[in-house]
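A short write-up of the structure that comes next.
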Amino acid sequence: STQEQHPQICVVGSGPAGFYTAQHLLKHHPQAHVDIYEKQLVPFGLVRFGVAPDHPEVKNVINTFTQTARLARCAFRGNVVVGRDVAVPELRAAYHAVVLSYGAEDHRALEIPGEELPGVFSARAFVGWYNGLPENRELAPDLSCDTAVILGQGNVALDVARILLTPPEHLEKTDITEAALGVLRQSRVKTVWIVGRRGPLQVSFTIKVPRPRKRLTELLLRTATEKPGTEDTARQAPASRAWGLRFFRSPQQVLPSPDGRRAAGIRLAVTRLEGVGEAARAVPTGDTEDLPCGLVLSSVGYKSRPIDPSVPFDPKLGVIPNMEGRVVAVPGLYCSGWVKRGPTGVIATTMTDSFLTGQMLLQDLKAGLLPPGPRPGYAAIEALLSSRGVRPVSFSDWEKLDAEEVSRGKGAGKPREKLLDPQEMLGLLGR
Ligand code: FAD
């Protein structure tokens, strides 16, 4: 049948999940056509807007994604917000199958008093700010205090602590934005506390398998007990910056400054563990501790949002209910990445799970479970978008912006200087 010969497939989101799903489908089906819709003007999701600027090697996956995007059977459709500019049922009507790979765009709130005070930010917004996410470009965090507290002990917390404590001259040759670098150069933050509810054996710095955990624990112990080498001492001395982990503490309240205008500290409830191993839960002992600080960064997790009323969503787990990537009770609808599994796991985890979703989709196609007959694909959606005044950008548009960023970074010896303003980007594309 036509659908089996020339399936039109739509992927929502151009992060690792979207690109790895597309890659699998295109590789294993010689006639499949895949359109990747993306709300930003630029592709790659958290590889561009999450991964820390001082980890450039992690971003090499962009080369593979670029090869996929350049295939004749693949198209990038940026500047399209699915759920606003086009509805999921409209995509489902235009394509044989739709894969939702839109990640986790929100953050978990602390749900404690004082959370709204100036000086309190989500780690998500802070990361978006130093990585040039347009919606966070005005964040302008005040780093004139000497102590910052990061709530949560995951990989993101470590990234944020490192960016706060790294001497700015060590970041000058990365793709961190010039604006962030300027603020970090003025920073007076000397001490960063990374606070967690549980103990050293439960931290979520990396994937939860015994082997890396063992190595991680060894590393923690080593760094805590070893004397720094001369090189480290030399690097630390002028800045005299320090960080530390505080275990068995759970945030209770952000304490305001005397004039009530901003955050001046955090009240932590002391906890102890109940239960054993991974399942151990932190319960409050009744004691509290006040930690003075001018900056509070909450890093207790990212969170997916529901995208469209027609798509089932589990608000508790924050995922689209699915069986190995098949959205429950909606034939022809699939999901991959953080919106499928929840917001944990590195790019490699996301790759494996996206390949699996791709495999399920192709199995269903082969079994005749997807709609029969031809589907219009992008032709139908293009007409809809144009009637709504939405003008998508293509992958070659991104390549123009990419070249501009690379050229702007050259003078300063940076791999790129990211464009932050969508209006300016559209202007560069002649819009
Ligand atoms: P995302 O990368 O978030 O991609 C989702 C895409 O969907 C985005 O481009 C988004 O704009 C788009 N989108 C959202 N809503 C819509 C909509 N309505 N319409 C259209 N498009 C939409 N992993 C590593 O391996 N190494 C690291 O060093 C590392 N560092 C990290 C640092 C941080 C701060 C974070 C948060 C994560 C890090 N990770 C790292 C994990 C890695 O980023 C994730 O595993 C991966 O990005 C998840 O892929 P995803 O495609 O599901 O989500």
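Read the numbers this way: they start at 1 and go in the same order the structure lists the ligands and their atoms. All of these numbers come straight from a predicted model, not from anything done at the bench.
On a distance-only criterion, Ala52 and ligand 1 share no N/O pair closer than 3.5 Å. On a distance-only criterion, Lys39 and ligand 1 share at least one N/O pair closer than 3.5 Å. Taking only nitrogen or oxygen atoms, main chain and side chain alike, Gln40 does not reach within less than 3.5 Å of ligand 1. Between Val82 and ligand 1, at least one pair of N/O atoms sits closer than 3.5 Å. For the pair Tyr302 and ligand 1, the shortest N or O to N or O distance does not fall below 3.5 Å. For ligand 1, the polar-atom distance check finds an N/O of Ile347 within less than 3.5 Å of one of the ligand's N/O atoms. The shortest N or O to N or O distance between Ser336 and ligand 1 is not under 3.5 Å. Considering both main-chain and side-chain atoms, Val51 never comes within under 3.5 Å of ligand 1 through any nitrogen or oxygen pair.
Ser336 and Thr21 form a side-chain donor-acceptor contact under 3.5 Å, judged by distance and modelled atom types alone. Judged purely by distance below 3.5 Å, without hydrogens or angles, the side chains of Thr191 and Thr147 never pair a donor atom with an acceptor atom. Counting only N and O atoms by type, the side chains of Tyr334 and Asp364 include a donor and acceptor under 3.5 Å apart.
Atom 14 (C) of ligand 1 has its closest protein heavy atom at Tyr102 O, 3.2 Å. Ranking the protein heavy atoms by distance from atom 9 (O) of ligand 1 puts Glu38 OE1, 2.6 Å first. Shortest contact from atom 46 (C) of ligand 1 to any protein heavy atom: Pro16 CG, 3.7 Å. Nearest protein heavy-atom neighbour of atom 26 (N) of ligand 1: Val58 CG1, 3.5 Å. The protein heavy atom nearest to atom 43 (O) of ligand 1 is Leu46 CB, 3.4 Å. Residue, atom and distance of the protein heavy atom nearest to atom 7 (O) of ligand 1 are Gly13 CA, 3.3 Å. Nearest non-hydrogen protein atom to atom 4 (O) of ligand 1 is Gly15 CA, 3.4 Å. For atom 52 (O) of ligand 1, the nearest non-hydrogen atom of the protein is Trp338 N, 2.8 Å.
The environment of Arg92 atom CZ is dense: over 12 non-hydrogen atoms of other residues, nucleotides or ligands sit within 6.0 angstrom. By the neighbour-count criterion of 12 heavy atoms within 6.0 Å, atom CZ of Arg431 is densely surrounded, having more than that number from other residues, nucleotides or ligands.
For the pair Val80 and ligand 1, a heavy-atom separation below 4.0 Å is found. Remark: distances from the non-hydrogen atoms of Gly83 to ligand 1 are all 4.0 Å or more.
Under the 4.0 Å criterion applied to side-chain N and carboxylate O atoms, Glu404 and Arg408 are assigned as salt-bridge partners. Taking the charged nitrogens against the carboxylate oxygens, Glu405 and Arg416 do have a contact shorter than 4.0 Å, which makes a salt bridge. For the pair Glu38 and Arg48, the salt-bridge criterion is not met [side-chain N within less than 4.0 Å of a carboxylate O]. Using a 4.0 Å cut-off between charged side-chain N and carboxylate O, Arg388 and Asp85 make no salt bridge.
Checking atom 39 (N) of ligand 1 against the protein gives no heavy-atom contact under 4.0 Å. The nearest protein heavy atom to atom 24 (C) of ligand 1 is closer than 4.0 Å.
Atom numbering of ligand 1 starts at 1 in the shown order; those under 4.0 Å from a heavy atom of Val127 are 34 (C). Close approach of ligand 1 to Asp159 is summarised as follows: ligand atoms under 4.0 Å from at least one heavy atom of the residue are 32 (C). Counting atoms of ligand 1 from 1 in the listed order, those under 4.0 Å from a heavy atom of Gly337 are 52 (O). Each of the following atoms of ligand 1 lies closer than 4.0 Å to a heavy atom of Val156: 33 (C), 34 (C), 35 (C), 36 (C). Atoms of ligand 1 lying under 4.0 Å from any heavy atom of Ala17, numbered from 1 in the order shown and given with element: 49 (O), 50 (P), 51 (O), 52 (O).
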Listed pairs under 3.5 Å, donor-acceptor, residues 118-128 side chains, sequence neighbours left out:
residue	atom	partner	partner atom	Å
Ser122	OG	Ala125	N	3.0
Arg124	NE	Glu105	O	2.9
Arg124	NH2	Glu105	O	3.0

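Residue contacts with ligand 1 for Pro343 are absent, since no atom lies close enough (heavy atoms, distance under 4.0 Å). Using a 4.0 Å cut-off between heavy atoms, Glu105 contacts ligand 1 through its side chain alone, with no backbone atom that close.
For atom 41 (C) of ligand 1, the choice among Gly345, Gly78, Gly50 with the nearest heavy atom turns out to be Gly345.
To the nearest 0.5 Å, the span separating CZ on Arg326 from CD1 on Ile320 amounts to 15.5 Å. The line from CG of Leu26 to CZ of Arg73 is 5.0 Å long, rounded to the nearest 0.5 Å. Rounding to the nearest 0.5 Å gives a distance of 4.0 Å between OG1 of Thr350 and CZ of Arg341.
Within the 4.5 Å cutoff, the side chain of Gln153 has heavy atoms near those of the Phe247 side chain. A heavy-atom distance below 4.5 Å is found between the side chains of Pro312 and Val327.
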Using ring pair (Phe, Tyr, Trp, His ring centres under 6.0 Å), reason through Tyr20 and Phe65 one step at a time and then give a plain yes or no.
CA-CA 8 Å; Tyr20 281 125; Phe65 300 163; 5.0 Å; yes
